[in-house]
Amino acid sequence: MTERADLRAHGPSGILRPGIRTYKPRRTRITERQERAFTEQAPFLLPVDNTPIDFAATWGVGVPVVLEIGFGDGLATASMAATDPSTGILAIDVHTPGVGGLLASLGDASLENVRVMEADALVVLTRMIDPGSLHGVRTYFPDPWPKARHHKRRIVQPDVLDLIHSRLRSDGFWHIATDWAEYADAIQSCFGEHTGWTGGVVPRPPWRPVTRYERRALLEGRSITDLVFHPVEVA
Ligand SMILES: C[S@@+](CC[C@H](N)C(=O)[O-])C[C@H]1O[C@@H](n2cnc3c(N)ncnc32)[C@H](O)[C@@H]1O
């Protein structure tokens, strides 16, 4: 049995109110393949600490790095990494079986441009990503937290917009996709009320693979909204 990241040991990000998390605990069992990948693909799993990730040492000098928050089973992540090997991908999720699954997929396809973290992405963004360093952020099908009393758990909220704005390069982007119409509206309002961003709904990019959650949403008849936002200088 490999040693697992204890998310509580990382402490809070300081971005959300104490005790508030954007994710929900899940109890899916880890498979043997996922378990094995933690050992066999260990060089691709980055530890969580307080040291900024050295992008040049990890991916190469000048390689653009895109952060994916909440990759789920990681199949879409591996597919995007395979079609765009010149982009470095930092893929973060809290869900241990998904982390093992992505590590296994990286091994199967001999992909070298992805690094995986089992962590709260807000903790990593706060402590381990240098300001102005990310080329982009992808958040595909974030938990919609539909009940009003849970909206404080949504990843798209003003303090997170501030945080991601500070970590992106000036020519960077944040690409979000959701199957929840009310969340899509709330996302547009949240960015619209922030002076540091421009952008909105875009046609679905043909290169974005259908994710696991998206497939289920389509089967259940929900429509998908892709949104892309770019940072602008705050006056
Ligand atoms: C609804 S699922 C979508 C997964 C995948 N993107 C897809 O479309 O199939 C949301 C994912 O985000 C992850 N997540 C939520 N908040 C997170 C955070 N703060 N840091 C890392 N992962 C997070 C959850 O563990 C979950 O795997």
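In what follows, residues are counted from 1 in the order of the sequence shown. All of these numbers come straight from a predicted model, not from anything done at the bench. Read the numbers this way: they start at 1 and go in the same order the structure lists the ligands and their atoms.
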Query raised in the report: Looking only at non-hydrogen atoms, which of Thr211, Asp179, Thr22 approaches atom 17 (C) of ligand 1 most closely?
Result: Thr22
Query - Best match, Ser13, Gly70, Ala217: closest heavy atom to atom 5 (C) of ligand 1 - result: Gly70
Numbering as shown, the atoms of ligand 1 that approach [X] to under 4.0 Å (heavy-atom distance):
X	answer
Gly72	4 (C), 5 (C), 27 (O)
Phe141	1 (C), 2 (S), 3 (C), 8 (O), 10 (C)
Tyr140	3 (C), 5 (C), 6 (N), 8 (O)
Asp120	18 (C), 19 (N), 20 (N)

Protein contact of [atom] - nearest heavy atom, named by residue and atom, plus distance:
atom	answer
atom 20 (N) of ligand 1	Ala121 N, 2.9 Å
atom 24 (C) of ligand 1	Asp93 OD1, 3.5 Å
atom 21 (C) of ligand 1	Ala119 O, 3.4 Å
atom 26 (C) of ligand 1	Arg26 NH2, 3.4 Å
atom 2 (S) of ligand 1	Tyr213 CE1, 3.4 Å

Report task. Scan side-chain atoms only and decide if Trp174 and Thr139 contain a donor-acceptor pair under the 3.5 Å cut-off. Result -> yes
Query raised in the report: Looking only at side chains, do Thr96 and Glu118 share a donor and an acceptor under 3.5 Å apart?
Result: yes
**Report entry** Test: Lys24 cationic atom under 6.0 Å from Trp145 six-membered ring centre, within 45° of axis
**Finding:** yes
Query raised in the report: Are any side-chain N or O atoms of Asp226 and backbone N or O atoms of Ala177, one a donor and one an acceptor, separated by less than 3.5 Å?
Result: no
Query raised in the report: Are there more than 12 heavy atoms of other residues, nucleotides or ligands under 6.0 Å from atom CZ of Arg212?
Result: no
Query raised in the report: Any idea which part of Arg21 is under 4.0 Å from ligand 1, heavy-atom wise: side chain, backbone, both or neither?
Result: neither
**Report entry** From Ile92, Ile15, Ile69, Asp120, residue fulfilling side chain to side chain contact (heavy atoms under 4.5 Å, CB included) relative to Leu125
**Finding:** Ile69
Query - side-chain hydrogen bond (donor to acceptor under 3.5 Å, both in side chains) pairs, two or more places apart, involving residues 67-78 - result: Glu68-Thr77
Report task. Please find out if less than 6.0 Å separates the ring center of Trp197 from that of His230. Result -> no
